[in-house]
Structure formats: C-alpha cells, structure tokens
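Contents: one structure, followed by commentary.
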Amino acid sequence: MSNHSSSGPPEPISKIRKLIQRLVFVIAVSASLYHIYLGLTGVLEAYQMRSLHLGFLLPISFLLFPMFKERKESSWLTVDIAFFIMSAFSILYLGVFEYERIINRIAYVDSLTALDLIAGVVLVLCILEATRRIIGWSMVVIAIIAILYALYGNILPGPFSHTGNSFDRMIEQLVFTTEGIFGIPLAASATFIFLFVLFGVFLEKSGVGQFFIDFSYALAGRARGGPAKMSVVASSLMGSISGSSTANVTSTGAYTIPLMKNVGYKPSFAGGVEAAASTGGQILPPVMGAASFLLAEFVGISYTTVIIAALIPALLYFVSVGFVVHFQAVKNGIVGLSKEEVPQWSSVLKNVHLSIPLIVIVTALFLGYTPYLAALIALASVVVVGAIKKATRMSLKQIIVTLRDGAKATIMIAVTCATAGIIIGVASQTGIGITFASAVIGLAEGQFLIILPLVMIASIILGMGLPTSAAYIMVAAIAVPALVELEVSVLAAHLFALYFGVFSGITPPVAISSYAAAGIADSKPMGTSLTAFKIAIPAFIIPYIFVFHNELLMQGEWYEIIYTTVTALIGVIILAASIVGCYLQKMNWLERIVLFLAAFGMISFNNVLIPSFSFLVIVIITGVQCIHIKKNRNTEDRFEPKQLGDL
C-alpha cells in the first residue's frame, strides 16, 4: 500500500523538484558572483561576456517559469528539464567549447558546420520559448515575423522587399556575430543592467523601499489629497530603481491605493494615479528602470549625459501628475491624513542612512566612474550602510538570498534583450529600419507634425504588453531612424521613443500596469486604464516639446534652458487643471477649454508673443477665480453665524 498522499506529487517527483530548486539557487547565486567578480577584475571580450551572461540566466528560466501556467504538479517537468539542457548546451558550445574557433572565424566567409547550425537553431528556439513563458506571445510573434521576413521578404512586392537571405546566413547573423542575439541589448543587460537590478534588489531587501514610503508619508501625507501625493513621490522613487512598472505598482500600490480610497478618491482614480506614477518612474533619473543604459549604448554617449538630459522632462511629468492629484482633491473636497496617521519626521529620519547608497551611486557616476563600477560601489555601500543599525543589518544568509533574487530578477530582461536582438539582427540584415523610416517620411511628405504622431503610434503599438527595456529596444531599432533621417537630435529621437515605449504600459487597450493597479484597487481594468491615461496626458506631450526645443534636454544657452523650462512648467500645471476641470475651484467647460489652449500656448512655442499672451490669459482666469473664492468666503462668514445662532 502506498504511503503517498493522493493529492501530493509522488516522492521521486518531489525529490526532483527539490533538486531543481537547489540547482536554480546555485546557478543564480553564481551568476551574481560572476558579474560582481568581472566588475572588479575587468569585463571579458564582448561575445564571450554576453554568451556567458545568457548562459547563466536562460537555462534556469525554464526551471522557474513552467511551460504552461495551468500545468499539473508533475506535468511537463521533463520538457522543462530538456529545455534547460538544450539551452545550456547551445550556449556552452558557443561561449566555451568552440569559442576560440568562432571568435577567430571570418563572418560570412567561413562556412558554419552542421553542429554550429544545430547549436544556433536550438538557441533561437530556446530564447523564443523562454520569452513566451515569461512575457507571453506578443514579442515572440514579432520575432517570428522578423525571421520569416528575413527568409522570405524577397518575395514581397513593393518597397519592403529585400534581396533575400539563406537560412545559414540568417543563423550566422543572429547567433555567430554581435549583430543579433549577442548585440547591444544583451551587452547592456550583461554589464550595466545586471548590476543595477542587483543593486535595486539589495536596496529593497535592506529596507530602502519602506524608507521611501515612510518618507513620502511624512512629506505629503497631511497635504490635501495626501495619500495620492504620497503615491506619486513613493512610486517615482521606487520606479526609478525598479526594472518593472508592474512590479512597482504591486509593491507601492499595496500601501498607497487603499489609503487613497479611504480618504475619498474613487477606486479607478486611486489605481490610475498609482499606475501613472509607477510607470513614470521608468523615465526618472538616476536609474530610469535600466532603459537609460540601453539608450546610452544605442546613442553612443555617456550614461551621465543621458540622465542629465532626461531630468527636466521627468520632473515636468511628475509635477503634472502631482497637480492632477491636487486639483482632483480640491474638486472633491478631499483632505489629507490626520497627524496620527502620518509617521513623525523624527522616526523617518532615524533611517535616513538608507538613502546613502543612492547618493553614492549618483556621486560615483558624476565623478566619472563607469556605470559598471558605480553600481558595484553602490552595491557595497548598501551592505555597509545597512550594518549601521541592527534593524537594517543584512546577515550572510540574507546577502546570499538577495544575490539569488537579484539574478532571478534579471532573467526577464536578459531573455527579452536576447529576443530583441533577433529583431534587431533581422532589421540590420534586411534594412527594414531604413525602409520603415523612408515609408513613414514618404507617407508624411517630410512634415514633422505628421511624422511624430506616426512614430508615437508605432512606439505605443510595439511597446504594448512588453517590459520597458524590450519596448524601447524594438522602437529604437524600427521607428527612431525615421526621426534621425529628418535631422532630429539623436538623443531627442531616442528619448521620444523611450517615452512612448514606457507609457504604452498605461495606454489602452493593453495597459499592463493599469490592470495590475486595478486588481489592487478593486476597480474595472479598462476604467482604471483610461484614468491612468488621462492623468499621464502630459507624458504624451512633453516628448514633442523636447524634439522641437532641445533646451529641455539641457542643450543650449543657460537662459534659453531656464526660459523653456519655466514656460513648460507653467504649461503642464495649467494642463493638469484643464484635465481635471478644477483649478483654484471647479471650472466650467469654457474655462477648461481656455486653460487647455493657454497651456498649449505655454509649452508649444519658444518665442515670446504666444507664451506671453497665454500667460496673460492664465493670470486673468486666476484672478477671476480668486475673486469668486473670496466672495464665497465672505458670504459664508456673513451667513453661517446667524444660522448657528438661530439654531
């Protein structure tokens, strides 16, 4: 008679699963130690560095992410193990066993062996399957279409036809060069991104996440609509160091959304604020959700140049979201939290030492250290700073577990970067990026005001349902050339693409971050998505400003930068008021329309006449509303005492 419970897995299966857990633990910790070691001793040659990086993370993805989410306890385990073995074999073959021969061969001249082709095909299939398991079909379908286009695009009619590729040549491009899978996206993942994600995980484990939340409570909790303002502050801080908008929503949203509902915000608005703020964290320096490293690699500039350029647009966005929250609170008569509900500054500042690692990393970057070394220094500072107090001190066991969690958190980025490499490899081999750019320019007849919306739409569609990094990579490969072709600043073009790739996460109908927030807020997903989109409208306008006015990217004379920043700041605040329908008090439709046009007048032009006229309109409406408020207050003062006396 069997001793096994009928509901649990058989004992052999259970033992295999425990063995798999230990194997994943060892490989993940080894991956983190490997990247730290390379950061201290020196990065390897490009192809080997990238292949070994993928070699650590791709195989364990099959053990962590099941083939089918609804599988039975022991179903498909053999398939998962088979994929683990196949992916490990293919990468070890490329990055270790045959590395010397592969790196010394002449690309497109020396023929590939049969085993080369097998290893290449197996790697491509494994990457596509891992991507399907982790983020779904969207990116996989695009990659498959890209492969089919590479093979059969020569039979297409019209401008998108190309000269054609053989199967061998395509595999060579994708696997045996640094122009495909092992290209720029995976390079960024293997160097900067891995260590910054690991740094972010160490920050969370050390208690910095809770410190951000407590800091936000103390800073904005008692202000009008305090919980929503707390959400904006906390989510922006967490979002910058987090590689996932959705993960940011679920972590900070668990605190902020219930509080927003309790003080009177509608569930859909509470979820929308959290989704808009968490998503915006991906554009906020210093870390920008790791996408900034990819941008620096693509553009070929220093990381500090990227974060300096991105600072003003990001601050404008968060100012606008903060004012949307404020004006909504004014409109609904929502007040802040009570004194008892807000942490005292004295208790918050007891843990202020936890913010030192962020200061360390910014300082290291601006002192000229490479992002790779800056991340290592900051990583060490987390452990050292955490040891100051017993409550935040990390034990050896916690450090080892955090090393494991950091590697696991990087799997999604590494795998999607590899898949993006397939798409970029095909785009490079077939010239589809240039063709797309030519088609867009031809369709728009060279008109900026037509081309920019087309690129925006392409960016949003390509980014739907994808992680930030993957969304940006695809847009940079396909849509950005259309802007660069028209002599848009390369940095502005890439930031334009990044913004819309990022905010595709809250753009209906595929608004992943909004759906996550709706789950916490217990609101309708589509309603929450539409609210988040409405709150984030300035994010869809700011990129247009810096394309035309590079001063927002800190490029130009200092007085031009100040002028453009001030006019844009006034513009986004007034835009927030027109979106909500409330400024100093509720507005009628005529006031909303006038303020909406005035906001555009402030942000759309860099001359003096139109912003000056728009500013005059804003001053007049402000004055009229102040007079109305004063009259209402006088009326209340005049009548309320008499009414109380009568009672």
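Please read all numbers here as calculations on a predicted model, not as lab measurements.
Using a distance-only test at 3.5 Å, with no hydrogens or angles considered, a donor-acceptor pair links the side chain of T416 to the main chain of M412. At least one donor-acceptor pair closer than 3.5 Å links the side chain of Y265 to the backbone N or O of V325. Side-chain atoms of K261 come within 3.5 Å of backbone atoms of A521 as a donor-acceptor pair (strictly under, hydrogens ignored). For the pair Q625 (side chain) and Q585 (backbone), a donor-acceptor distance under 3.5 Å is present. With T279 contributing its side chain and A276 its backbone, the two residues share no donor-acceptor pair below 3.5 Å.
Aromatic ring pairs are classed by plane angle as parallel below 30°, tilted from 30° to 60° and perpendicular above 60°; the pair F500 and F540 is tilted.
Here the shortest heavy-atom pairing between M587 and E591 reads CA-OE1, 3.3 Å. When every heavy atom of V617 is checked against every heavy atom of A598, the shortest pair comes out as CG1-CB, 4.3 Å. What you find for A577 and L595 is that their closest heavy atoms are CB-CD1, 4.5 Å. Across every non-hydrogen atom of F533 and I506, the tightest pair is CB-O, 3.8 Å. In this structure, V360 and A378 approach most closely via the heavy-atom pair CG1-CA, 4.1 Å. Across A492 and F546, no two heavy atoms sit closer than the pair O-CE1, 3.5 Å.
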### Task
Test S268 against K524 for side chain to side chain contact (heavy atoms under 4.5 Å, CB included), laying out the working first.
CA-CA 7 Å; S268 60; K524 291 182 179 179; over 6 Å; no
### Trace of the side chain to side chain contact (heavy atoms under 4.5 Å, CB included) decision for Y583 with I618
CA-CA 11 Å; Y583 183 31; I618 293 167; 4.3 Å; yes
### Query
Hey, mind stepping through Q328 and F269 against side chain to side chain contact (heavy atoms under 4.5 Å, CB included) and telling me if it holds?
CA-CA 9 Å; Q328 189 70 38; F269 187 84; 3.5 Å; yes
### Derivation of the side chain to side chain contact (heavy atoms under 4.5 Å, CB included) call for V273 and V232
CA-CA 7 Å; V273 168; V232 175; 4.1 Å; yes
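In this structure, F615 places its CZ atom where only 12 or fewer heavy-atom neighbours from other residues, nucleotides or ligands lie under 6.0 Å away. Heavy atoms of other residues, nucleotides or ligands lying less than 6.0 angstrom from NZ of K331 number more than 12.
Within the 4.5 Å cutoff, no side-chain heavy atoms of V488 are placed close to those of V484. Put simply, the side chain of F327 does not reach to within 4.5 Å of the side chain of I579, judged on heavy atoms. Proximity of P313 to L553: side-chain heavy atoms (C-beta onward) are separated by under 4.5 Å at one or more points. Within the 4.5 Å cutoff, no side-chain heavy atoms of L498 are placed close to those of F298. F496 has its side chain out of reach of V480: every pair of non-hydrogen atoms, C-beta onward, lies at least 4.5 Å apart. For the pair W558 and Y563, the minimum side-chain heavy-atom distance is 4.5 Å or more. Side chains of L552 and L316 form a contact here, defined as non-hydrogen atoms less than 4.5 Å apart. Between P453 and Y544 there is a side-chain heavy-atom pair separated by less than 4.5 Å.
With rounding to the nearest 0.5 angstrom, the CZ atom of F600 is 3.5 Å from the CD1 atom of I541. Rounding to the nearest 0.5 Å gives a distance of 12.0 Å between OH of Y499 and CD of Q282. With rounding to the nearest 0.5 angstrom, the OG1 atom of T565 is 9.5 Å from the CG atom of L311. Considering CD1 of I537 and CZ of F503, their distance stands at 12.5 Å, rounded to 0.5 Å. With values rounded to the nearest 0.5 angstrom, L575 atom CG is found 13.5 Å from I570 atom CD1. In this structure, the separation between CE on M602 and OG1 on T564 is 10.5 Å, given to the nearest 0.5 Å.
In this structure, F318 has its ring center at least 6.0 angstrom away from the ring center of F323.
Side-chain contact, T528 with T531: no donor N or O sits under 3.5 Å from an acceptor N or O.
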